[in-house]
Amino acid sequence: MNEMNDKPVAPVNFLHAIVEEDLRTGKHGGKVVTRFPPEPNGYLHIGHAKAICIDFGTALKYGGECHLRMDDTNPTKEEVEYIESIQADVRWLGFDWGKHFYFASDFFGKMYDCCAELIKKGKAYVCALSMDEWKDYRGSPPNPGKESPHRNRPVEESLRLFEEMRAGKHADGSLCVRAKIDMASSNIHLRDPVIYRILHAEHPNTGNKWCVYPTYDFAHPLEDAFEGITHSMCTLEFEVHRPLYDWVIDNLDNLPSRPRQYEFARLNLGYTVMSKRRFIELVDKKLVNGWDDPRMPTIGGIRRRGYTPEAIRNFCETIGVTKFESLTDVALLEFCVREDLNKRALRRMAVLKPLKVIIENASEVPSEVDAVNNPENESAGTRKIPFSSELYIESDDFMEVPPPKYFRLSPGKSVRIRYAGFLTCLRKEGDAIICKWSPPSAELKVKGTIHWVSAKHAVAAEVRLYDRLFTVENPMAEEGHDYKEFLNPHSLDVATAHVEPSLADVKPLAHFQFERIGYFNADPDSKPGKPVFNRTVTLKDSWAKKQKKE
Ligand code: ATP
Ligand code: MG
């Protein structure tokens, strides 16, 4: 089977079509400036990787720039440790923001001025309704809402109150600023939304300088405008906020640029959850071993699992950019991981469930054999593997009473052993099998090839065998159940493998293919002489098979 032919065809990226048209008409003076704006309130996940590939990828493709912006307008939830991990994750994915690293909080002064400008223009007012009263006033479509009794407060009074809010003269929740838009709008977000609120909270970046903070809907278009963003791309849930985004931009004078928002479908992956809130819950309840547990879809988790940036980028390109919500098959992600690792992972031999082989003609066996490091990449070279008269093979590779078409070892049958000739099984004796060894030149007619390690040279390694984190494809969608009920009790099995001695000292995160078993990588828990491996992905390619069937 030719893997290349089975690769799914990348769908068209509608955002690129928009950017190309804008470049053609000279809409933003021929510039493309995008941004990735995470809220630093948790670790990034593979869904964010999709957004990162879109934001940075679009800028790269059209010779523009992409800003990395910490959207830290909410002072209560953010932590500094997240900022560093976000930067590291974006870099690891292979992207660079150059000098364009920003904090939304850098613009608080300008945002305050913009709010004051709207008040002065009679386009915003200070409202004293409580949150509950407001919900009542706002109503719900198709019925129009009721106007706040403060809607027509004189401009000077609103301005004075806004200044008092800033000066700390009012309690949290007692006053807020609302944009004066349309209480009868069919879009609830246009029914005089809150744009500034009082929060007596210390901010990680601005400390106690502010006790009034802009809401996301007000801040986001302004951040984009101040940074000169041309194409502001986000997920579909923001589509209904776009009229408010445009209203903010259209009702302020002297903004340095006129950004536009575009929405695309978020990435949802099967058999996992994809939200910072859930991750925090899984970690806090110790249902996984930390935010970078290789079962987690966090960038830290998939990196530790052995997924490569190239594979993730290729995956994001393959799923394409559309406006249709869907659940992406994890098999496609695994396909992209295998395709990349096939090129880069060094081949090694490891036996997971050992069966001892004793070679009767011990005096004839060589002390070492030559092995190819990667048949896909000649420059990876070769290595010597010690050989001896006692080997381990997988216990599955021997059957005392074999079924028809079993091409591995059974009494009287022969098999090829990788890089080292042939074994012919003579008999079983206790827990071991007794075999005769023949050199490669013997050219026995056999159908199977098995892997092995030399028993006395092998190194014991901990192997962590991962399976899906959940037992159902969409754990969030099972009505009447908590998603945690569907955690897979076998998502991690730990075993001891016998590995060839070249694996005794491994560099953390190095990639390997254990021949016939799967792709593994060295876990940072590895110690000299005591390697620990994560199974990145099995060798079985369910995606390619599925494509064939369809
Ligand atoms: P979560 O819901 O996981 O907590 P979030 O949406 O709150 O994530 P932000 O930090 O606000 O996270 O997201 C930064 C950017 O990443 C936003 O532009 C958002 O649209 C995008 N994004 C978030 N989740 C996904 C996803 N699953 N697929 C694609 N893009 C996403
Ligand atoms: Mg968010």
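As the structure lists them, so they are numbered: ligands from 1, and atoms in each ligand from 1.
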With respect to Ala265, determine whether any N or O atom, backbone or side chain, lies less than 3.5 Å from an N or O atom of ligand 1.
no
Taking side-chain hydrogen bond (donor to acceptor under 3.5 Å, both in side chains) as the definition, give me every residue that meets it alongside Lys121, ordered by chain and number, with sequence neighbours left out.
Glu117, Asp253
Inter- and intrachain pairs under ring pair (Phe, Tyr, Trp, His ring centres under 6.0 Å), touching residues 268-287, at least two apart
His45-Phe279
Arg35, any N or O under 3.5 Å of ligand 1 N or O
no
Going by the order shown, which atoms of ligand 1 are within less than 4.0 Å of some heavy atom of Glu39?
9 (P), 10 (O)
Under 3.5 Å: N/O of Arg277 near N/O of ligand 1
no
Taking distance alone, with no angle check, do His48 and ligand 1 share an N/O pair under 3.5 Å?
yes
Using distance alone, decide if ligand 1 has a nitrogen or oxygen within less than 3.5 Å of any nitrogen or oxygen in Leu267.
yes
For the residue pair Tyr62 and Glu20, confirm or rule out a side-chain donor-acceptor distance under 3.5 Å.
yes
Ignoring hydrogens and angles, tell me if any N or O in the side chain of Glu84 forms a donor-acceptor pair with the backbone of Glu81 under 3.5 Å.
no
Give the atom numbers and elements of ligand 1 that come within less than 4.0 Å of a heavy atom of Ala51.
16 (O), 21 (C), 30 (N)
Students often mix this up, so state it plainly: with edges at 30° and 60°, are the rings of Tyr213 and Phe108 parallel, tilted or perpendicular?
perpendicular
Examine ligand 1 and decide if any of its atoms is less than 4.0 Å from a heavy atom belonging to Phe279.
no
Cationic tip of Lys110 above Phe226 ring, under 6.0 Å, 45° of axis:
yes
On the 0 to 90° scale, with breaks at 30° and 60°, tag the Trp210-Tyr112 ring pair as parallel, tilted or perpendicular.
tilted
Which ligand 1 atoms does Met274 reach within 4.0 Å, using its non-hydrogen atoms?
3 (O)
Go through ligand 1 atom by atom and flag the ones less than 4.0 Å from a non-hydrogen atom of His45.
3 (O), 24 (N), 27 (N)
